[in-house]
There are 2 protein chains.
Amino acid sequence: MNVDRALQQLKEQGHKYTDKREDMLRYFDQENSYRTARDLLENMRENYTNISFDTIYRNLHLFVELNILEVTELEGEKHFRIKCDSHHHHHFICLDCGQTKEIHTCPMSSVKQELQDFAIEDHKFEIYGKCPTCQTA
Amino acid sequence: MNVDRALQQLKEQGHKYTDKREDMLRYFDQENSYRTARDLLENMRENYTNISFDTIYRNLHLFVELNILEVTELEGEKHFRIKCDSHHHHHFICLDCGQTKEIHTCPMSSVKQELQDFAIEDHKFEIYGKCPTCQTA
DNA sequence: TTTACAAATCGGAATCATTCCGATAAAATA
DNA sequence: TATTTTATCGGAATGATTCCGATTTGTAAA
């Protein structure tokens, strides 16, 4: 997912263009890691002094709904990151800095046999720890 | 993990016995599914009219620390269940009733090769959906 | 079996993330 | 440009969780 494509998708689905939306997407595109609503708010405040939490959350949820961002819950707080383009995969998530590394192993195919009568709606496979950078810091 | 063993473990580690602690453990032992602090509170109120959230949370955290309960975050709320005895495994979790089913597939061994320089501290593999009972209900 | 003390509990206030709402402002379109 | 729809703001409300001072209760030692 890149910013221009996301913006186009917004327009196509009847949502309005705003500078704030573009900047939010650019923020996640640059960060390329899991960030909280507060992280985003603080970054946005640099250019939009009075931006409100309502705007932050409304757009975060919109982006998740449109599959532009993905979300996970870490230590009681939602964290968002731009959705990866490539094929299905999972993430190692650094608990210090939020950086991620793609994991290409996914056990779902073998799991489905174990869950014949269950309606699978979603799954989460995440590995937590410290990335090389945060280990030395 | 069973109730008596948990109570003994509490005692061994210098924690005091209280009826409430025993009843909390019995609740999770019976339920055998992911329950919230509020679920527990409401159940406990039947016998202890004035039990407080402080007591609920303090003990939930203690139990997690002592490895008697395990915790996961579902839809912004922490859910607790009694820790399984058997060997390492993961869970299918029913999003309606919180019932779980053990999944015996775990991809961590193959994943470790992908994460040579990363310090792995924890991992989560959960499958969400509807259990057979909740599908028909 | 009392005593003494640390741990546990209560009640309620505080905190923190998130959501909601009414009023205003800005984008899109005719 | 006028109209309509969506977005934003500011601030209040909500809901889970935590904190705190005062009180009570296990427990171990006298």
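Computed from a predicted structure; not experimentally measured. Proteins get letters first, then strands, A, B, ... in listed order; numbering begins at 1 in each.
Of the candidate nucleotides dC10(C), dT8(D), dA27(C), dT8(D) has the atom nearest to the side chain of R21(A). Listed nucleotides: dT8(D), dT19(C), dG11(C). Nearest to the side chain of N50(B): dG11(C). Here the side chain of E77(B) is nearest to one of dT19(C), dT8(D), dT17(D), namely dT17(D). Of all nucleotides listed (dT17(D), dA8(C), dT8(D)), dT8(D) comes nearest to the side chain of T55(A). Here the nucleotide nearest the side chain of S52(B), chosen from dT19(C), dA16(D), dG11(C), is dG11(C).
Two residues, R45(B) and L62(B), neighbour DNA chain C, and the one matched to the more 5' nucleotide by heavy-atom proximity is L62(B). Mapped onto DNA chain D by nearest heavy atom, T18(B) and A37(B) fall at different nucleotides, with A37(B) at the one closer to the 5' end. Toward the 5′ end of DNA chain D lies the nearest nucleotide of D54(A), the other residue of the pair R38(B) and D54(A) mapping further downstream.
Proximity of Y57(B) to the phosphate of dT17(D): a side-chain N or O atom is located under 4.0 Å from OP1 or OP2. A sub-4.0 Å separation between OP1 or OP2 of dT18(D) and a side-chain N or O of R58(B) is absent. The phosphate of dT9(C) (OP1 or OP2) has no side-chain N or O of K16(B) nearer than 4.0 angstrom. Applying the 4.0 Å criterion to OP1 and OP2 of dC9(D), one finds that K20(A) has a side-chain N or O inside that range. At least one side-chain nitrogen or oxygen of H15(B) sits closer than 4.0 Å to the OP1 or OP2 atom of dA8(C).
Rounded to an integer number of Å, the gap from OH of Y48(B) to C1' of dT25(D) is 13 Å. One interatomic measurement links the two molecules: CZ of F63(B) to C1' of dA8(C), which rounds to 12 Å at whole-angstrom precision. Between the P atom of dT8(D) and the OH atom of Y17(A) lies a distance of 11 Å, rounded to the nearest Å. Computed from coordinates, the L7(A) CG to dA28(C) P distance equals 11 Å when rounded to whole Å. Spacing between atom CD of Q13(B) and atom C1' of dA8(C) amounts to 17 Å, rounded to whole angstrom units. One can place CD of E42(B) at 13 Å from P of dG15(D), the figure rounded to the nearest angstrom. Atom CG in L41(A) sits roughly 13 Å away from atom C1' in dG10(D) (whole-Å rounding). The nearest whole Å value for the distance from the CG atom in D23(A) to the P atom in dT8(D) is 11 Å.
A donor and an acceptor atom, one from each side chain of H104(B) and H88(B), are nowhere located under 3.5 Å apart.
Ring planes of H123(A) and H90(A): perpendicular class, angle over 60° (limits at 30 and 60°).
In the displayed structure, E42(A) atom CD is contacted under 6.0 Å by more than 12 heavy atoms of other residues, nucleotides or ligands.
Rounded to the nearest 0.5 Å, atoms CD1 (I51(B)) and CG (L40(B)) are 7.0 Å apart.
Using a 4.5 Å heavy-atom cutoff, the side chains of M24(B) and T55(B) are in contact. When side chains are defined from C-beta on, R21(B) counts as touching F63(B), because their heavy atoms get closer than 4.5 Å.
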